[in-house]
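Below is one structure, written out as structure tokens; the observations come after it.
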Amino acid sequence: MKKTFKQLREFNLYAQFLMERKPEIKETKFGYAMKRFVDKNLTKPFNDFNADLDIVRIDHALVDEKTKAILHSEKGSLRPFQYSKEGLKAVIKGENDLIAQFNLKEFECEPFISKEKPELTEEEIEAFKGLII
């Protein structure tokens, strides 16, 4: 079954929210199915996206003139590198373009079925449909 990157991101968000709301689910068969789905299906697409995101950020980062080393920003910053005003605009545009491009990309997914189903919101049911339910 194929799912878009956007659908996989939504699944991941709802899975995280569910685990925060009901941490006991981690110890259930449903929690196990969610973890296996994430491990098997989300790792590669998310790693690919993050690698491409790093490239966009590196391409526009400020560089030390003498050493040619990339200048890093302070810890806790959303972006790990320093940018000029124009560089930051280019990074934001590049990130948005990458997100739009990746959201449409389809990835082959192997669903995991859990006979056990906790009480879920309508949004969670929709996000999990065909993936772990």
Side-chain angles (χ1 to χ4, degrees):
M1 143 185 330
K2 289 191 177 194
K3 292 289 182 179
T4 65
F5 188 69
K6 182 178 181 181
Q7 290 170 314
L8 295 177
R9 284 181 45 225
E10 288 172 357
F11 167 86
N12 194 46
L13 283 174
Y14 281 109
Q16 288 175 355
F17 292 149
L18 179 62
M19 292 295 196
E20 288 172 11
R21 198 174 82 239
K22 296 180 177 186
E24 65 277 5
I25 286 181
K26 291 178 185 175
E27 305 303 322
T28 67
K29 291 179 182 181
F30 188 82
Y32 177 78
M34 282 192 345
K35 181 181 179 337
R36 290 286 296 143
F37 180 84
V38 167
D39 292 346
K40 181 94 174 162
N41 297 291
L42 298 189
T43 303
K44 183 174 177 5
F46 280 49
N47 285 346
D48 290 351
F49 173 76
N50 287 328
D52 287 356
L53 188 60
D54 285 344
I55 290 169
V56 167
R57 291 176 174 169
I58 289 168
D59 283 347
H60 300 287
L62 289 174
V63 176
D64 182 281
E65 289 183 28
K66 291 181 183 178
T67 65
K68 303 298 181 206
I70 295 173
L71 299 177
H72 290 267
S73 63
E74 296 146 21
K75 288 189 177 191
S77 175
L78 176 63
R79 293 178 183 88
F81 309 113
Q82 292 181 17
Y83 301 96
S84 68
K85 181 179 177 181
E86 293 306 313
L88 183 57
K89 288 178 184 178
V91 165
I92 292 169
K93 181 180 179 339
E95 288 173 347
N96 289 335
D97 290 347
L98 181 65
I99 291 167
Q101 174 190 1
F102 254 82
N103 276 344
L104 299 174
K105 213 173 190 180
E106 289 188 332
F107 294 89
E108 192 65 41
C109 295
E110 179 182 326
F112 282 79
I113 305 302
S114 173
K115 293 178 183 177
E116 181 180 282
K117 186 174 124 186
E119 188 175 319
L120 301 171
T121 65
E122 288 182 33
E123 293 85 5
E124 290 166 340
I125 291 170
E126 189 61 34
F128 298 163
K129 192 185 306 181
L131 303 176
I132 59 168
I133 297 177

Quick one: closest heavy-atom pair of [X] and [Y], and the distance?
{"X": "P111", "Y": "G130", "value": "CB-O, 3.3 Å"}
{"X": "N12", "Y": "V38", "value": "OD1-CG2, 4.5 Å"}
{"X": "E110", "Y": "F37", "value": "O-CD1, 3.6 Å"}
{"X": "Y14", "Y": "E124", "value": "CD2-CG, 3.8 Å"}
{"X": "Q7", "Y": "T4", "value": "OE1-N, 2.8 Å"}

If you define the side chain from C-beta out and look only at heavy atoms, does anything of [X] sit under 4.5 Å from [Y]?
{"X": "F107", "Y": "L42", "answer": "no"}
{"X": "K89", "Y": "K85", "answer": "yes"}
{"X": "F17", "Y": "T121", "answer": "no"}
{"X": "R57", "Y": "P80", "answer": "yes"}
{"X": "N41", "Y": "F112", "answer": "yes"}
{"X": "F128", "Y": "M34", "answer": "yes"}
{"X": "L131", "Y": "M1", "answer": "yes"}

Study note, to complete from the structure: For E116, the salt bridge (charged side-chain N to carboxylate O under 4.0 Å, His left out) test, sequence neighbours excluded, returns none

Practice item. With sequence neighbours excluded, tell me which residues meet salt bridge (charged side-chain N to carboxylate O under 4.0 Å, His left out) with K44. Key: D48

Is the number of heavy atoms from other residues, nucleotides or ligands under 6.0 Å of [X] [atom1] greater than 12?
{"X": "E74", "atom1": "CD", "value": "no"}
{"X": "K22", "atom1": "NZ", "value": "yes"}
{"X": "K3", "atom1": "NZ", "value": "yes"}
{"X": "Y32", "atom1": "OH", "value": "no"}
{"X": "E65", "atom1": "CD", "value": "no"}

Distance (rounded to the nearest 0.5 Å) between [X] [atom1] and [Y] [atom2]:
{"X": "L8", "Y": "K6", "atom1": "CG", "atom2": "NZ", "result": "12.5 Å"}
{"X": "E95", "Y": "I99", "atom1": "CD", "atom2": "CD1", "result": "6.5 Å"}
{"X": "I55", "Y": "N50", "atom1": "CD1", "atom2": "CG", "result": "11.5 Å"}
{"X": "I125", "Y": "E119", "atom1": "CD1", "atom2": "CD", "result": "9.0 Å"}
{"X": "D59", "Y": "D54", "atom1": "CG", "atom2": "CG", "result": "10.5 Å"}
{"X": "E20", "Y": "I25", "atom1": "CD", "atom2": "CD1", "result": "12.0 Å"}

Could you list who else is in [X]'s hydrophobic cluster, with ILVMFWY side chains joined at under 4.5 Å, directly or through other members?
{"X": "I70", "value": "I58, F81, Y83, L88, V91, I92"}
{"X": "L71", "value": "L62"}
{"X": "V63", "value": "none"}

Point to revise | Residue pairs involving residues 47-66 (criterion ring-ring contact (aromatic ring centres under 6.0 Å, His included); sequence neighbours excluded) | key: F5-F49, F49-F102

Check your understanding: Can you check whether H72's main-chain N or O pairs, donor with acceptor, with Q82's side chain at less than 3.5 Å?
Key -> yes

**Study point:** Derivation and outcome, side-chain contact (heavy atoms from CB on, under 4.5 Å), residues I132 and F11
**Key:** CA-CA 10 Å; I132 59 168; F11 167 86; 4.1 Å; yes

